[in-house]
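A short write-up of the structure that comes next.
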Number of protein chains: 2
Amino acid sequence: MLIIGEKINGTRKEVGAAVVDRNAAFIQELARDQVEAGAGVLDMNAGTNPSREPDDLVWLVRTVQDAVDVQLCLDSANPAALGSALAEVKQTPMINSISGEPPRLTGILPLVAQHGCSVIALALDDKGIPKGVQERMAVVRRLFEETRKAGVTDDRVYVDPLVMALATDNQVCNVALDTMRAVRNEFPEAHLTAGLSNVSFGLPSRTLVNQAFLTLALAAGLDSAIVDPMDRGIREALFASELVLGRDRHCRNYTRAIRARRIGDAG
Amino acid sequence: MLIIGEKINGTRKEVGAAVVDRNAAFIQELARDQVEAGAGVLDMNAGTNPSREPDDLVWLVRTVQDAVDVQLCLDSANPAALGSALAEVKQTPMINSISGEPPRLTGILPLVAQHGCSVIALALDDKGIPKGVQERMAVVRRLFEETRKAGVTDDRVYVDPLVMALATDNQVCNVALDTMRAVRNEFPEAHLTAGLSNVSFGLPSRTLVNQAFLTLALAAGLDSAIVDPMDRGIREALFASELVLGRDRHCRNYTRAIRARRIGDAG
């Protein structure tokens with residue numbers, strides 16, 4: 001599974017301050033730590049207001065690229081910021097995100113197409129997040145109409161079915177999992193992704209809930225996720241689930257991660 | 001989910017010694033601890049040779065019933081031992097187990113029928129454990145022919161699809177999970193059970209593997225399991241998975257277990 005490291009996100013207080021203060025050491029440490037912990041892509045969210053976001057995102061991209069050699073995921077709703085950052089990236093990045101909201105489609109999809117990026121596609125539109133699976137799939141189908149029309153092949157699209165907080169509705173995971181299975185079935189070339197931690201918002205011992213959801217999502221076809229790769233519990237659920245699902249030949253990845261002490265008991 | 005506590009098993013060295021020495025205090029503590037940890041049924045396996053097993057199983061049953069008020073699961077392949085123990089039980093017990101092996105069917109199934117017991121039915125026969133799902137389902141279908149003919153209703157049958165060690169074959173969980181789904185589909189009144197810990201035999205940090213398998217098995221319809229209820233990791237996966245699967249209204253069981261410190265972070 002592709003891990004998209006979520007930690008360089010300016011809406012988090014410490015990261016936001018580091019962006020404003022141009023604290024390169026802090027950002028570079030977050031980048032290195034995530035890559036070491038297994039992130040294959042790093043999400044880059046400046047989290048600042050639209051007028052300064054282009055400069056901030058460019059600074060973030062340069063700063064992170066000076067520290068690590070990894071694909072980036074440019075996370076912004078601001079076409080100007082994305083455009084500026086796209087001129088700086090060393091590897092073709094992922095873009096986070098498009099959705100059925102018209103400004104995202106008119107402002108961001110052309111950049112995705114033009115630069116050959118992959119893109120996260122959220123199953124929501126200007127009316128919000130649809131409650132049921134069928135309504136979410138209707139949005140997803142419209143999104144694929146648009147990406148295909150723009151020349152973006154399905155294998156460059158990472159559908160995020162959107163997982164809400166279980167604390168407010170105990171069927172949110174079932175809806176997300178059913179949507180994942182439907183996407184897998186209907187758009188077999190496409191990828192699936194999800195922000196895992198929303199699901200446990202407002203609950204105690206959140207990692208337990210995130211782990212159970214990750215296991216079920218992997219079984220439903222999830223092949224990437226936006227997570228904190230330094231969360232040992234998430235890594236443990238990931239390696240153990242891949243093993244149980246028969247995707248780890250000779251248990252090699254699991255036992256290797258144990259030996260490297262990336263997962264497992266201290267003993 | 002119904003937890004069948006596995007710890008009173010004479011094939012475990014300490015327990016076997018306690019049976020031979022008639023160490024009631026040791027056995028009763030194991031019984032109380034398991035019930036307190038959430039076991040709804042206690043497995044009773046004397047683990048001794050056939051000639052003394054009837055006496056030993058009767059002693060176990062009396063000893064445990066003096067300490068706790070809970071359903072027992074009489075675990076023996078020996079009809080004489082089962083018959084003696086059946087005369088002692090206060091509640092109608094579960095029997096562990098029948099299978100497609102002729103002696104189990106001729107020796108044990110009549111006791112199940114006569115005493116109105118529920119019974120664990122293993123998906124194996126005298127040729128061993130079938131490798132594939134279809135072969136296992138063939139055994140399961142023959143077992144239901146026999147239980148129905150004996151007048152045992154499907155809702156008294158707990159099918160154990162048999163989970164082998166992942167370390168020897170990385171598809172064993174997929175086979176077990178597919179068998180569970182097939183049983184659920186074809187015998188909707190029947191229950192499913194499994195000994196969870198086999199799956200991780202020979203691997204390090206076994207709880208991680210058991211947890212991932214439990215989560216997937218619950219999604220596949222598992223509604224009971226033969227486990228160590230004192231294993232905190234198993235309890236954590238159980239409560240978190242039921243929550244994620246939408247089976248815990250208002251997150252009540254999960255949050256209650258956290259508050260009671262039965263699961264979750266110390267903090």
Side-chain angles (χ1 to χ4, degrees), chain A residues 163 165-178 196 199-200 202-220 232-233 235-259 261 263-267, chain B residues 163 165-178 196 199-200 202-220 232-233 235-259 261 263-267:
Chain A
V163 201
L166 268 170
T168 59
D169 173 357
N170 75 353
Q171 294 306 311
V172 293
C173 290
N174 287 332
V175 170
L177 294 166
D178 286 343
L196 281 186
V199 66
S200 58
L203 290 168
S205 294
R206 295 179 61 172
T207 295
L208 300 181
V209 180
N210 297 347
Q211 286 175 310
F213 180 65
L214 176 56
T215 297
L216 295 171
L218 286 165
R232 191 177 183 91
R235 288 202 305 267
E236 291 181 332
L238 177 60
F239 281 98
S241 301
E242 297 276 35
L243 174 61
V244 165
L245 287 165
R247 301 171 186 168
D248 183 2
R249 250 174 100 82
H250 306 304
C251 313
R252 205 168 281 156
N253 296 334
Y254 179 81
T255 50
R256 216 174 259 170
I258 294 266
R259 276 198 305 273
R261 297 178 186 273
I263 63 170
D265 312 330
Chain B
V163 200
L166 269 170
T168 59
D169 172 357
N170 75 354
Q171 293 307 310
V172 293
C173 290
N174 287 332
V175 170
L177 294 167
D178 287 343
L196 282 188
V199 65
S200 58
L203 290 169
S205 294
R206 295 180 61 172
T207 295
L208 299 181
V209 180
N210 297 347
Q211 287 175 310
F213 180 65
L214 175 56
T215 297
L216 295 171
L218 286 166
R232 192 178 182 90
R235 288 203 305 268
E236 292 182 331
L238 176 60
F239 281 99
S241 301
E242 296 276 36
L243 174 61
V244 165
L245 287 164
R247 301 170 186 168
D248 184 3
R249 249 174 101 80
H250 307 303
C251 313
R252 205 168 281 156
N253 297 333
Y254 179 80
T255 51
R256 215 174 260 169
I258 294 266
R259 276 198 305 271
R261 296 177 186 275
I263 63 170
D265 313 330

(message) Looking at chain A, which one of V199(B), V209(B), L177(B) has the largest number of heavy-atom pairs inside 4.5 Å, strictly under?
(response) V209(B)
(request) Side-chain contact test, heavy atoms from C-beta onward, threshold under 4.5 Å: evaluate it for N170(A) versus D248(B) and give yes or no. (result) no
(request) Tell me, out of C251(A), S200(A), A219(A), A237(A), who's got the most heavy-atom pairs with chain B below 4.5 Å. (result) C251(A)
Inter-residue atom distance [X].[atom1] - [Y].[atom2], 0.5 Å rounding:
X       : Y       : atom1 : atom2 : answer
D169(B) : H250(A) : CG    : NE2   : 10.5 Å
Q211(B) : L208(A) : CD    : CG    : 8.0 Å
L166(B) : L243(A) : CG    : CG    : 5.0 Å

(request) With a 4.5 angstrom heavy-atom cut-off, could you sort out which part of L218(B) is near chain A: side chain, backbone, both or neither? (result) neither
(message) Is N210(B) in contact with chain A via its backbone, its side chain, both, or neither, using a 4.5 Å heavy-atom distance?
(response) neither
Taking [X] for the side chain and [Y] for the main chain, is one N or O donor matched with an acceptor at less than 3.5 Å?
X       : Y       : value
Y254(B) : P204(A) : yes
N174(A) : L245(B) : yes
S205(B) : D265(A) : yes

(request) Using non-hydrogen atoms and a 4.5 Å limit, figure out which bit of I258(A) sits close to chain B: side chain, backbone, both or neither. (result) side chain
